[in-house]
There are 2 protein chains.
Amino acid sequence: MQKRILVVEDESSIRDMVAFALRKADMEPMLAADAREAQLAVAATVPDLILLDWMLPGMSGLELARRLRKETLTAEVPIIMLTARGEEMDRVNGLEAGVDDYVVKPFSTRELIARIKAVLRRSHGDDGSGVIELGGLKIDGPAHRVHAGADTIAIGPTEYRLLHFFMTHAERVYSRAQLLDHVWGGSVYVEERTVDVHIRRLRQTLQPWRLDGLIQTVRGAGYRFSASA
Amino acid sequence: MQKRILVVEDESSIRDMVAFALRKADMEPMLAADAREAQLAVAATVPDLILLDWMLPGMSGLELARRLRKETLTAEVPIIMLTARGEEMDRVNGLEAGVDDYVVKPFSTRELIARIKAVLRRSHGDDGSGVIELGGLKIDGPAHRVHAGADTIAIGPTEYRLLHFFMTHAERVYSRAQLLDHVWGGSVYVEERTVDVHIRRLRQTLQPWRLDGLIQTVRGAGYRFSASA
DNA sequence: GATGGTTGTCACGCAACCGTAACCAAAACC
DNA sequence: GGTTTTGGTTACGGTTGCGTGACAACCATC
């Protein structure tokens with residue numbers, strides 16, 4: 001199925017270049033020059049991924065990312081930010097806003113496409129219905145349910161959000177700080193070790209189905225959900 | 001290792017400017033004023049990257065790009081095109097001809113060098129997705145994993161950081177002090193000989209896959225990661 | 001206001017990991 | 001051939017990071 005990519009970029013030459021590269025890679029570009037246009041576009045059709053320039057007229061890309069994350073429609077849509085050299089130090093802020101990846105300008109179109117595909121692959125298993133199945137575990141977004149084979153797994157709210165984040169971002173390591181930002185929402189302050197405890201609880205609820213191995217510890221780095229080994 | 005960049009540009013002032021910038025960035029310029037000179041130069045020495053002006057006397061840069069793509073010698077060499085403003089609509093044809101990137105005139109030398117480096121990085125196993133493959137070893141940054149073929153290699157935190165640094169800076173010798181700086185982070189003080197021990201440990205973890213030879217000792221200078229022999 | 005469930009924090013313990021020193025092997029130098 | 005320098009290898013004490021169990025605070029429901 002063709003993926004729809006929303007490109008929010010005020011510089012027309014970059015926008016056109018990206019649009020062409022997307023078409024060539026069999027993806028459908030949606031173009032917007034500023035935050036307002038972006039919001040209109042999103043209201044019309046929800047894209048599969050959003051490509052967001054860091055600097056935009058009116059509202060910064062970061063601010064727009066925050067708002068999109070709060071909207072129900074776009075909360076789950078992955079975001080890739082385009083940053084110029086020297087804006088890199090702000091990655092920290094971006095990760096707090098729930099940005100999935102960064103591409104530093106100047107970039108080659110191949111590099112950009114590779115990143116987009118990587119992010120889409122990560123949120124893969126999601127066929128658009130909101131149901132994801134990975135490693136014998138099935139999470140049903142709309143129904144807010146978790147299944148292992150025929151069984152339904154009883155799971156608490158935080159555990160559910162954590163698991164959902166992991167399954168939409170599989171095969172990638174996230175630090176405690178990143179998990180707090182993505183799952184708890186950057187605004188509240190909680191101890192980093194709290195993540196450990198919830199990881200433990202999640203593993204414990206998955207244990208009866210021998211699925212606790214899906215959540216792996218990467219010493220010194222964080223945690224990873226992985227269906228392989 | 002010095003990279004050879006073939007510059008095909010009929011305007012001598014631009015050619016000289018680019019040549020100067022390349023030398024400053026530790027790259028070796030090869031100069032050509034038209035398509036014929038370019039083909040002769042390529043026949044003599046295959047460059048690592050080709051910088052091609054859109055407008056050339058005799059044959060258009062685009063046409064030359066197409067021909068170079070068909071030659072076995074140059075089929076894999078990345079191409080960056082230089083286009084004047086207003087020629088932008090033709091990007092479409094360029095991308096179809098297998099051009100890797102564009103730089104629009106007028107450009108700053110800094111931007112040009114940045115683009116060149118980005119494209120070279122990609123042609124060196126780094127496609128921008130954070131996964132690098134060199135000498136039968138694959139390191140996956142986002143997943144924080146190391147692979148040899150189908151196997152996943154278990155590796156400790158410091159070993160991982162060391163390997164990651166080596167693979168992003170292959171074919172170059174680094175002293176113990178430099179490695180401490182880059183891998184440990186300049187702030188903490190540790191003995192230089194500590195590096196030896198971690199090199200040893202890294203070699204040991206790679207040994208079962210006969211990949212320990214990738215890390216070479218350069219007596220009196222330091223260590224080097226090399227995929228070639 | 002009692003009950004059951006959920007959440008964040010802490011303290012403890014264990015295993016993995018790290019840095020250092022000491023010793024051994026191999027070059028390089030004279 | 002002997003000495004010096006450089007790197008390889010090993011063993012070990014100390015530290016750190018993570019898993020775990022316990023617990024108080026909170027919330028909703030009855």
Side-chain angles (χ1 to χ4, degrees), chain A residues 144-146 152-166 173-208 211-226, chain B residues 144-146 152-166 173-208 211-226:
Chain A
H144 223 265
R145 277 219 175 97
V146 181
T152 300
I153 302 180
I155 193 169
T158 309
E159 281 173 62
Y160 176 84
R161 288 204 313 278
L162 185 59
L163 181 62
H164 186 259
F165 176 78
F166 269 134
V173 173
Y174 289 92
S175 69
R176 285 161 237 271
Q178 289 175 318
L179 289 172
L180 283 177
D181 289 335
H182 280 107
V183 177
W184 274 256
S187 50
V188 288
Y189 179 75
V190 269
E191 286 294 320
E192 291 208 338
R193 290 301 306 278
T194 300
V195 175
D196 295 34
V197 179
H198 281 273
I199 291 280
R200 173 177 175 290
R201 286 171 181 159
L202 183 50
R203 278 176 176 156
Q204 206 168 334
T205 58
L206 296 178
Q207 213 275 319
L211 293 172
D212 49 314
L214 289 172
I215 296 156
Q216 298 156 4
T217 307
V218 181
R219 197 166 230 272
Y223 296 95
R224 170 182 54 209
F225 185 98
S226 173
Chain B
H144 218 273
R145 266 191 165 143
V146 181
T152 300
I153 302 181
I155 192 169
T158 309
E159 280 172 64
Y160 177 86
R161 289 204 312 279
L162 185 59
L163 180 62
H164 187 264
F165 176 79
F166 270 134
V173 178
Y174 289 92
S175 70
R176 285 160 238 270
Q178 287 174 312
L179 289 172
L180 282 178
D181 254 19
H182 285 111
V183 177
W184 274 255
S187 50
V188 288
Y189 179 76
V190 272
E191 288 293 323
E192 291 208 339
R193 290 302 306 278
T194 301
V195 174
D196 295 34
V197 178
H198 280 275
I199 291 280
R200 154 93 173 57
R201 286 172 180 158
L202 184 50
R203 279 176 176 155
Q204 197 167 286
T205 57
L206 297 179
Q207 212 274 320
L211 293 171
D212 49 314
L214 289 170
I215 296 156
Q216 297 156 4
T217 307
V218 181
R219 209 182 165 79
Y223 298 94
R224 169 181 54 206
F225 184 99
S226 174

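Quick caveat: nothing in here was measured; it's all calculated off a predicted structure. Chain letters run A, B, ... following the sequence lines, proteins first and then strands; every chain starts at 1.
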query: Reckon B:Trp184 has a side-chain N or O less than 4.0 Å from the OP1 or OP2 of C:dG19?
result: yes
task: Can you tell me the distance, in whole Å, between the CG atom of B:Leu202 and the C1' atom of D:dG7?
output: 16 Å
- prompt: Does any non-hydrogen side-chain atom of B:Leu206 lie less than 4.5 Å from one of B:Ile215?
  reply: yes
message: If the condition is side-chain hydrogen bond (donor to acceptor under 3.5 Å, both in side chains), which residues does B:Arg203 pass it with, not counting sequence neighbours?
response: B:Thr217
- request: Specify the separation, in whole Å, of atom CD of A:Glu159 and atom P of C:dG8.
  value: 11 Å
field: Where at least one partner belongs to residues 212-224 of chain A, residue pairs that pass salt bridge (charged side-chain N to carboxylate O under 4.0 Å, His left out), sequence neighbours excluded
entry: none
Going by atom type alone, with no hydrogens or angles, which donor-acceptor pairs under 3.5 Å involve a side-chain atom of residues 152-159 of chain A and a protein atom two or more places apart or on another chain?
from     : atom 1 : to       : atom 2 : distance (Å)
A:Thr152 : OG1    : A:His147 : ND1    : 3.3
A:Glu159 : OE1    : A:Thr205 : OG1    : 3.2

message: How many whole angstroms separate atom CD of B:Glu192 from atom P of C:dG19?
response: 14 Å
task: Would you mind reading off the distance between A:Arg201 atom CZ and D:dA22 atom P, rounded to a whole angstrom?
output: 13 Å
I'd like a list of close polar pairs between nucleotides 25-30 of chain D and the protein, N/O only, cut-off under 3.5 Å.
none

query: How would you list, by chain and number, every residue that makes a side-chain hydrogen bond (donor to acceptor under 3.5 Å, both in side chains) with B:Tyr223, sequence neighbours excluded?
result: B:Arg176
field: d(CD, B:Gln207; C1', D:dG8) in whole Å
entry: 14 Å
- prompt: Hey, what's the ring geometry for A:His198 with A:Trp184, parallel, tilted or perpendicular (30° and 60° as the breaks)?
  reply: perpendicular
message: Please report the distance, rounded to the nearest Å, between CD1 in B:Ile215 and P in D:dG8.
response: 11 Å
Salt bridge (charged side-chain N to carboxylate O under 4.0 Å, His left out) partners of residues 184-193 of chain B, not counting sequence neighbours, each pair once: B:Arg193-B:Asp196
- request: Enter the distance from B:Phe166:CZ to B:Gln216:CD here, rounded to the nearest 0.5 Å.
  value: 10.0 Å
message: Five pairs per end, C1' atoms only: what is the angle between the end axes of the helix from C:dG1-D:dC30 to C:dC30-D:dG1, to 10 degrees?
response: 30°
What pairs of nitrogen or oxygen atoms, one from the protein and one from nucleotides 15-19 of chain D, lie under 3.5 Å apart?
from   : atom 1 : to       : atom 2 : distance (Å)
D:dC18 : OP1    : A:Arg176 : NH2    : 3.0
D:dC18 : OP1    : A:Gly220 : N      : 2.9
D:dC18 : OP2    : A:Arg176 : NH2    : 2.2
D:dC18 : O5'    : A:Arg176 : NH2    : 3.2
D:dG19 : OP1    : A:Arg203 : NH1    : 2.8
D:dG19 : OP1    : A:Thr217 : OG1    : 2.5
D:dG19 : OP2    : A:Tyr223 : OH     : 2.6
D:dG19 : N7     : A:Arg193 : NH2    : 2.9
D:dG19 : O6     : A:Arg193 : NH2    : 2.9

message: Using whole Å, what does the distance between atom C1' of nucleotide C:dT7 and atom CZ of A:Arg161 come to?
response: 11 Å
query: Within this structure, what is the CD-to-P distance between B:Glu191 and D:dG7, rounded to whole angstrom?
result: 14 Å
query: Taking only residues two or more places apart in sequence, or in another chain, which ones meet A:Gln204 in a side-chain hydrogen bond (donor to acceptor under 3.5 Å, both in side chains)?
result: A:Arg200
task: Using a heavy-atom cut-off of under 4.0 Å over every strand shown, decide if B:Thr194 touches base, sugar-phosphate, or nothing.
output: base
- prompt: Once the angle between the rings of B:Tyr174 and B:Phe165 is folded into 0 to 90°, is it parallel (under 30°), tilted (30 to 60°) or perpendicular (over 60°)?
  reply: perpendicular
task: Report yes if the side chains of B:Val195 and B:Val190 come closer than 4.5 Å at any heavy-atom pair, otherwise no.
output: no
